[in-house]
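These notes are about the structure you will find just below.
The residues of the chain are indexed from 1 along the displayed sequence.
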Amino acid sequence: MSAETKTTKPTKPTIDVSPAWKKIIQSKTDSNKLSHLSVATVDADNLPVNELLVYHGFAGEDNNGETGWQSDLITATCDKRTLKMVDHSNYAATWVLDDHQFRIRGKLHMLGHGMTVEDIRHHIVRKKLSKVIKEDMESNSSDEEDVDLSDKLSAATKSFLKRIKSQFHRHGKRAVFDWEAERLRQWHELPDNVRAQYTWDVAPGEPKQQQEEELPRIESLEIGDTDAEGWFKNDDQDKQQALERGYENFVVLFLEVTEIDSYSISDNQRTLYRKDGNTWVNIPVHA
């Protein structure tokens, strides 16, 4: 009689979400200074379009606080009413950061009202939380007053963690990443004057009509607080309705990277980073 052999389930390979090119970008970006990248792709009619996007960090990460997640997805935001790009389309981007030039290729993913991004879930992985925040996240309390987290965290990160915590209680501690939490976090991160633009009746880029009457519009829209599930609140009912209306127009863009050409002007060094399965290959090339 043959000895019984134990079988184990094959483990899913873990993607490298902290490649060398990401560390270069993070070292070159200042959280207090706007950074723009130019993204070229095609529209629904297969015609070329180019958008200048504001860099909003990497999905699930906060430079000023811990979230418990990390990724290699470059993040930007836009208004769905002016969106010309197509979900899941290929893109090419150029980006200049100080003495560094980046030429990036990959696939574009969109998250907004009625949009999902489940196919990029493997690009975001868990990261160890500090003891204080971890204990709060795992506590059984779901009362709004008890969701304290940490005074050192931004309102955006608190919203994110509240939403994640609510999903833990609903689906268990092994609940997968919640993309709506990331969208809410990005909505919180917007300056009040930029957030207000998502509520305007006339979308950016629409032609002006002759003798057009100037419509009243909100110039600044703040978020007062968040509930226990991370949703934005404002005690002023009119502003709350405006927040909800603006959020419907709010889209988060995730730039999945498959190849990045990095050139350092100061030392004339150029490296090609190319995706190979779940890892990255670094290829030094002539400048």
Side-chain angles (χ1 to χ4, degrees), residues 17-18 22-23 25-36 53-78 111-112 124-139 141-168 177-199 220-236 239-240 242-244 246-247 250-254:
V17 297
S18 295
K22 176 184 173 181
K23 295 171 184 175
I25 289 175
Q26 289 177 318
S27 70
K28 299 292 181 181
T29 50
D30 185 339
S31 60
N32 298 317
K33 183 174 68 176
L34 288 179
S35 177
H36 298 81
L53 301 178
V54 178
Y55 167 68
H56 282 263
F58 287 85
E61 299 184 20
D62 186 344
N63 291 335
N64 301 315
E66 52 184 326
T67 64
W69 299 87
Q70 58 182 338
S71 79
D72 64 349
L73 297 167
I74 298 172
T75 307
T77 61
C78 70
L111 175 63
I124 190 158
V125 299
R126 293 176 184 272
K127 185 179 181 180
K128 188 175 181 180
L129 283 167
S130 67
K131 183 179 179 181
V132 173
I133 297 178
K134 186 174 185 293
E135 288 176 351
D136 187 279
M137 293 286 289
E138 294 182 354
S139 70
S141 172
S142 59
D143 292 336
E144 186 175 338
E145 293 79 7
D146 294 334
V147 185
D148 184 35
L149 297 172
S150 171
D151 291 336
K152 297 180 180 180
L153 299 177
S154 66
T157 298
K158 284 185 178 181
S159 165
F160 176 89
L161 291 174
K162 284 180 180 180
R163 171 78 183 184
I164 294 291
K165 179 176 179 177
S166 72
Q167 298 306 299
F168 282 174
F177 182 73
D178 184 80
W179 291 100
E180 197 62 44
E182 174 63 7
R183 185 170 169 235
L184 285 167
R185 186 180 74 84
Q186 294 290 347
W187 181 241
H188 273 265
E189 288 279 14
L190 294 179
D192 292 346
N193 63 318
V194 174
R195 191 182 300 112
Q197 295 173 14
Y198 287 86
T199 71
S220 181
L221 183 60
E222 69 277 6
I223 295 175
D225 199 358
T226 56
D227 65 17
E229 295 194 356
W231 288 99
F232 46 84
K233 294 195 312 180
N234 194 303
D235 292 336
D236 185 313
K239 288 186 177 181
Q240 178 63 27
L243 283 168
E244 293 169 1
Y247 192 65
F250 182 65
V251 175
V252 181
L253 305 174
F254 300 109

Under a 4.5 Å cut-off applied to non-hydrogen side-chain atoms, are Leu161 and Leu153 in contact? yes
Quick one: closest heavy-atom pair of Ser159 and Leu184, and the distance? OG-CB, 3.9 Å
Pairwise side-chain contact, Leu190 with Phe250, heavy-atom cut-off 4.5 Å (strictly under): yes
Among residues at least two apart in sequence or on other chains, which ones pass ring pair (Phe, Tyr, Trp, His ring centres under 6.0 Å) with Tyr247? Trp187, Trp231, Phe232
Which atoms form the tightest heavy-atom contact between Ala59 and Glu182, and what is the distance? CA-OE2, 3.6 Å
May I ask you to test the Ser18-Asp72 pair for a side-chain heavy-atom distance under 4.5 Å? no
Between Leu53 and Ala76, what is the shortest heavy-atom contact and its length? CB-CB, 3.9 Å
Any sub-3.5 Å donor-acceptor pair from Glu61's side-chain atoms to Ser71's backbone N or O? yes
Sequence neighbours excluded, the answer for salt bridge (Lys or Arg N to Asp or Glu O under 4.0 Å) partners of Asp62 is none
Given 3.5 Å as the limit, does a donor-acceptor pair link the side chain of Ser35 with the main chain of Tyr55, or not? no
In terms of relative ring orientation, are Trp69 and Phe177 parallel, tilted or perpendicular, with 30° and 60° separating the classes? perpendicular
Just jot down the side-chain hydrogen bond (donor to acceptor under 3.5 Å, both in side chains) partners of Lys127, sequence neighbours excluded, or say none. none
Are any side-chain N or O atoms of Thr157 and backbone N or O atoms of Ala155, one a donor and one an acceptor, separated by less than 3.5 Å? no
In plain terms, say whether Arg195 and Glu222 are close enough for a salt bridge, that is, a side-chain N and a carboxylate O under 4.0 Å apart. no
Does a salt bridge link Asp178 with Arg163, judged by any charged N lying under 4.0 Å from a carboxylate O? yes
With a 4.5 Å cut-off on side-chain heavy atoms, are Phe58 and Lys22 touching? yes
